[in-house]
Structures are given as structure tokens and as C-alpha cells.
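Below, chains carry the letters A, B, ... as their sequence lines are ordered, and counting in each starts from 1. Just so it is clear, the values below take in all heavy atoms, side chains as well, and ignore hydrogens, waters and symmetry mates.
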Amino acid sequence: AQSVTQPDIHITVSEGASLELRCNYSYGATPYLFWYVQSPGQGLQLLLKYFSGDTLVQGIKGFEAEFKRSQSSFNLRKPSVHWSDAAEYFCAVGSDTGRRALTFGSGTRLQVQP
Amino acid sequence: DTGVSQNPRHKITKRGQNVTFRCDPISEHNRLYWYRQTLGQGPEFLTYFQNEAQLEKSRLLSDRFSAERPKGSFSTLEIQRTEQGDSAMYLCASRTGAGNTGELFFGEGSRLTVL
């Protein structure tokens, strides 16, 4: 069964500082990996996705993520955080066979200090 | 741009009552998903439709839950005899059927509070 672990429940960074949110997945075949962001009271918005090819993927709002197969990780990064980035971030894994739904991690809540 | 629309956005009900949520997906999307999200957790998969066919149901979907997508367009999620443990955000998502790599587009959710 596929699963996603986001080890950090809550992270606080200063505005302008760099950010890395961790994501580890468990899946037997080639995973399809996603990062979504959720602002309070809102639905989820896709930041970026990885299916194949270049292991460093660029997303919206200046985010990027790197797929590392050897570490089963797909960490999200941003070089300089803005106050508007404060939100909850979810990593998700999907597959190309069998189950068609995404499996989500429990999320990391990001706070940005001025 | 009409994204995924969910109604009502918030429902407060008493234990034992029935509730129904509606989801209108993006019009060209033939795949529709329901997820449940509780406080501090990520979305958990409930069920999935391809057109009008319900192809997969999670073990989370007890007998009190039923979902339909009668004409392959909008979908409804009904919860009968609600319990306090049903309090959660119910999220609907849709995507195209092109391959299995398409992203899910989420609605803003329907929050259920069971008193």
C-alpha cells in the first residue's frame, strides 16, 4: 500500500528565509508525486508534480521539489519565503496502476514570522 | 473559469440526522473523487467515479455513507444517521481522464459539524 510521511507537523520561518518541507513516500513502483497547498477555509491548490524525467521540478509561487528515489523523498523548497506562503502543505503520491486516487500525508503547517 | 463547486459550504446538524452534499466538477472532467479531511490531518480518500460508475470505495465509507453521480456530471454524498465522528471537511475533486497522471482539482469543501 502506498503511504506518505511528512515528519514536520509545524514549521516556523522568518520572512525572507529559505524553506524546506520534508516528504517521504512508500510505494512499490514508480510514484507520481505532488505537493498541494491549503489556505485556511480553502480547498487544495497544486504547487507542483513529478511524473518522470528531470528530478528537480519547478512549480508555482517560486517553489521547487526534488525527487530522490534512493531516499524515497520528495522535499519541497523555496529560497525566500513570503508572508503569504503561510498555509498548510500536503505531499501526495499517486500511481499509474490500480488505485487511481492520491494518498496524502498529514501535512505541515507553515508559519512565517515578520 | 468555473472550478469545482461544492454546496453547502457549511452544515451544522444534530446527531442522527441525514445530510447531503453536492459537488459540481469542472465540466470536461469525467473523474470525480470524494475525500474527507479532519482537523490536523491530510485528506483521506472516500470514493471515486469515472463518469457515472463508482469504481472504488474506501473502507472509510461505512454503510451510512452513499455517493452517487447519476448522469456523470454532478455528484452527491449522503450521510445517514450522522454521528459526531462524522464531523469533518468533505472535499470533492475532479480531473480529466487523460492517462493517470492528471492533477486533481479540488473544491473548497463542505464542512460538517455534528452536534
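- A salt bridge links Lys78(A) with Asp85(A): at least one charged nitrogen is closer than 4.0 Å to a carboxylate oxygen.
- In this structure, the portion of Arg9(B) lying under 4.5 Å from any heavy atom of chain A is its side chain and not its backbone.
- Annotation: side chain of Val4(A) is not in contact with side chain of Asn24(A) (no heavy-atom distance under 4.5 Å).
- No part of Glu88(A) comes within reach of chain B, as not one of its non-hydrogen atoms sits under 4.5 angstrom from that chain.
- Most heavy-atom pairs under 4.5 Å with chain A: of the set Gln37(B), His10(B), Met89(B), this distinction falls to Gln37(B).
- Judged by distance alone, with hydrogens and angles left aside, the side-chain atoms of Glu108(B) form no donor-acceptor pair with the main-chain N or O of Gln42(A) at under 3.5 Å.
- The one candidate from Tyr32(A), Phe51(A), Tyr50(A) that meets the ring pair (Phe, Tyr, Trp, His ring centres under 6.0 Å) condition with Phe67(A) is Tyr50(A).
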